[in-house]
Amino acid sequence: MSITMRGPCEEAGESEEREKEAAAAAGCFAWVPEAEEGSDVDSDSDPETEGTHGLGELVKDTLYLRSCRVHSVVPASCFLRQGSAPELNLRHRGLGPQGARALASSLTANPYVKRLDLRDNGLCGTGAEALAGALSKSSSICDVDLSENQLGAVGAQAICAALTVNPTMQKVQLAGNSLEEQAAQYLAELLLAHTGLKSLDLSYNQLNDQAGETLGPALAENTGLIELNISWNHLRGPGAIAFARGLEANIFLRVLDISYNGFGDPGASAVGEALRTNNVLEELNMSNNRISAVGALSLGLGLRVNQTLRSFVVSRNPMQSEGCLGVLKSVRDNPVSALELLDFSERSCPKKLLQDLVCVCKKVKFSESDNVLSCKWVSPQDIQVNRQFDDLASSVKVILPGLCIKTAARRVEYKKDLLPVFRPSLPASAPK
């Protein structure tokens, strides 16, 4: 099939005609993959079943190619190669808004895709609006990654509205999309309306204290979310406190990452209060949150009675030995503590970052473990512990022999089991 590419600048009337042409193309082929009503042919035993699936893929490809022609974009060859695979990986393809429009037309008629990865494609708000229609109608896509697409508030509004009416969606990644306090309102509406959403990634955005005041009450009322990553944002002050109060009332969340924000001691105190009453949360990451010894002692008040938390990370906080001792004493004094990991150490660095660092700093040493290299070089932000802490840690290990305690000087391996909802599922044909 030959594809005639048109110029990027089109008149408004001609653009509308192209949209109509794409819609007509989708309508002409929508019937092909489905069996006729009333047919008594058994698809499991029909020798022509394989040919029917091949025809369905041909129709999907034809729809996509026609849509690309309508929107004057070059087709993504990887889309054509992936056929009817359950995962459609188009990350880093530079699709842009027009490419998103072309893709949306074919996604509506594609019943095979379960995971859609569009990370880093420059979709912007207009591209998100184009995809929203397909995401709202899809009954197969349950996992979508739209990270690093400059969606902004416009894109967040479109995507959240689409996901709200799609009960099949379980996992959404919106990291690195310049989401600010205006976008927080749409995210809050999603948390309140969508009970099937299990995992949400909002990391590397600009959600500030006003956003925290919006998201906190929504988190308190949410029913269904199991994992939330809101690290590398600007939650601090009243926003951090409001968010922590939402955690206190939530009864579903099991994994929470709020690292690299600005909770400080007031936010840590609010989290400590939340840990006193929350009986669901299992993993909490509060690394790099400007928590001093005062805030650490407030966290300890929650750890003294909490019965469900298994992993608690507070690395790279200026709590010093005093704060570490306070946290550890609280764990020791809790006879029903479920803690398996208490992490005061420096944060593990990605392998590539450490390779870059070694070129400029000869003080970096490496120890490889599970594709991640842990930095042994002690930076000024690392928490330093003393002999008193080491002695206390040894006594706590007697009481809780399964507890791993990590410090800058003590490297301890800890492996966790994934929650059932995040474990990779076996293909339908795989033996169980």
Step by step, work out the side chain to side chain contact (heavy atoms under 4.5 Å, CB included) result for Leu253 and Ile226.
CA-CA 4 Å; Leu253 198 65; Ile226 294 177; 5.7 Å; no
Could you please spell out the steps behind the side chain to side chain contact (heavy atoms under 4.5 Å, CB included) verdict for Val327 and Phe344?
CA-CA 10 Å; Val327 170; Phe344 299 105; 3.9 Å; yes
Side chain to side chain contact (heavy atoms under 4.5 Å, CB included) evaluation trace for Leu325 with Leu392
CA-CA 8 Å; Leu325 278 169; Leu392 178 60; 3.7 Å; yes
Yes or no on side chain to side chain contact (heavy atoms under 4.5 Å, CB included) for Ser203 and Ser231, after CA distance, side-chain angles and deciding distance?
CA-CA 5 Å; Ser203 60; Ser231 62; 3.4 Å; yes
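Thr308 and Leu281 get closest at one heavy-atom pair: OG1-O, 2.8 Å. Between Ala100 and Leu123 the shortest heavy-atom distance is CB-CD2, 3.9 Å. The minimum heavy-atom distance linking Ala158 with Ala132 is given by the pair O-CB, 3.6 Å. Nearest heavy-atom pair, Pro97 versus Gly122, reported as atom, atom and distance to 0.1 Å: CD-O, 3.6 Å. The two residues Glu248 and Thr277 make their nearest non-hydrogen contact at CG-OG1, 3.0 Å. Residues Ile291 and Met286 come closest through the heavy atom pair CD1-CE, 3.7 Å.
Side-chain atoms of Tyr64 come within 3.5 Å of backbone atoms of Ala76 as a donor-acceptor pair (strictly under, hydrogens ignored). Checking side-chain atoms of Asn288 against main-chain N and O of Tyr260 turns up no donor-acceptor pair under 3.5 Å. With hydrogens and angles disregarded, a donor-acceptor distance shorter than 3.5 Å links the side chain of Asn177 to the backbone of Gln150. At least one donor-acceptor pair closer than 3.5 Å links the side chain of Asn205 to the backbone N or O of Ser178. No donor-acceptor distance shorter than 3.5 angstrom exists from the side chain of Asp391 to the backbone of Gln388, with no hydrogens or angles considered. Within the 3.5 Å criterion, the main-chain N or O of Leu275 finds a donor-acceptor partner in the side chain of Asn306. A donor-acceptor pair under 3.5 Å is absent between the side-chain atoms of Ser337 and the main chain of Asn334, judged by distance alone. A donor-acceptor distance shorter than 3.5 angstrom exists from the side chain of Asn233 to the backbone of Leu207, with no hydrogens or angles considered. Of the possible donor and acceptor atoms, one in the side chain of Asn250 sits under 3.5 Å from a partner among the backbone N and O of Leu219. Side-chain atoms of Asn222 do not come within 3.5 Å of backbone N or O of Ala220 as any donor-acceptor pair.
Distance check, rounded to the nearest 0.5 Å: OG of Ser136 to CE of Met169 gives 9.5 Å. Put simply, CG on Leu103 and CG on Leu118 are 6.0 Å apart, with the number rounded to the nearest 0.5 Å. Between the CG atom in Leu151 and the CG atom in Leu146 there is a gap of 6.0 Å [rounded to 0.5 Å]. Leu197 CG to Leu228 CG: the interatomic distance, rounded to the nearest 0.5 Å, is 9.5 Å. Atoms CZ and OG1, on Phe252 and Thr195 in that order, are 9.0 Å from each other to the nearest 0.5 Å. In this structure, CG on Asn261 lies 7.5 Å from CZ on Arg236, to the nearest 0.5 angstrom.
In this structure, Trp232 and Tyr204 have parallel ring planes: the angle between them is below the 30° cut-off, well short of the 60° mark.
The side-chain hydrogen bond (donor to acceptor under 3.5 Å, both in side chains) test with Asn208 singles out one residue from Glu180, Glu181, His234, and that residue is Glu181.
Around CD of Glu189, the count of heavy atoms belonging to other residues, nucleotides or ligands within 6.0 Å exceeds 12. For Gln206, the CD atom counts as densely surrounded, since its 6.0 Å shell holds more than 12 non-hydrogen atoms of other residues, nucleotides or ligands. Summarising the local packing, CZ of Arg332 is surrounded by more than 12 heavy atoms from other residues, nucleotides or ligands at distances under 6.0 Å. When the shell of 6.0 Å around CD of Gln210 is examined, it contains more than 12 heavy atoms from other residues, nucleotides or ligands.
For the pair Val113 and Glu87, the minimum side-chain heavy-atom distance is 4.5 Å or more. A heavy-atom distance below 4.5 Å is not found between the side chains of Leu88 and Asp117. Two residues are said to be in side-chain contact when any heavy atoms from C-beta on lie closer than 4.5 Å; Ile241 and Pro238 fail this criterion. Looking at Phe389 and Cys324, their side chains come closer than 4.5 Å, going by heavy atoms from C-beta outward. Between Leu235 and Asp209, the closest side-chain pair of non-hydrogen atoms is not below 4.5 Å. For the pair Phe79 and Leu90, the minimum side-chain heavy-atom distance is below 4.5 Å. No side-chain heavy atom of Gln170 sits less than 4.5 Å from a side-chain heavy atom of Asp143. Considering only heavy atoms from C-beta on, Asp257 stays 4.5 Å or farther from Val313 through its side chain.
With no hydrogens or angles considered, no side-chain donor-acceptor pair links Ser105 and Arg101 at under 3.5 Å. Between Glu227 and Ser199, the side chains place a donor N or O and an acceptor N or O closer than 3.5 Å (distance only, hydrogens not considered).
Between Asp145 and Arg91 there is a salt bridge, since at least one side-chain N of the basic residue sits less than 4.0 Å from a carboxylate O of the acidic one.
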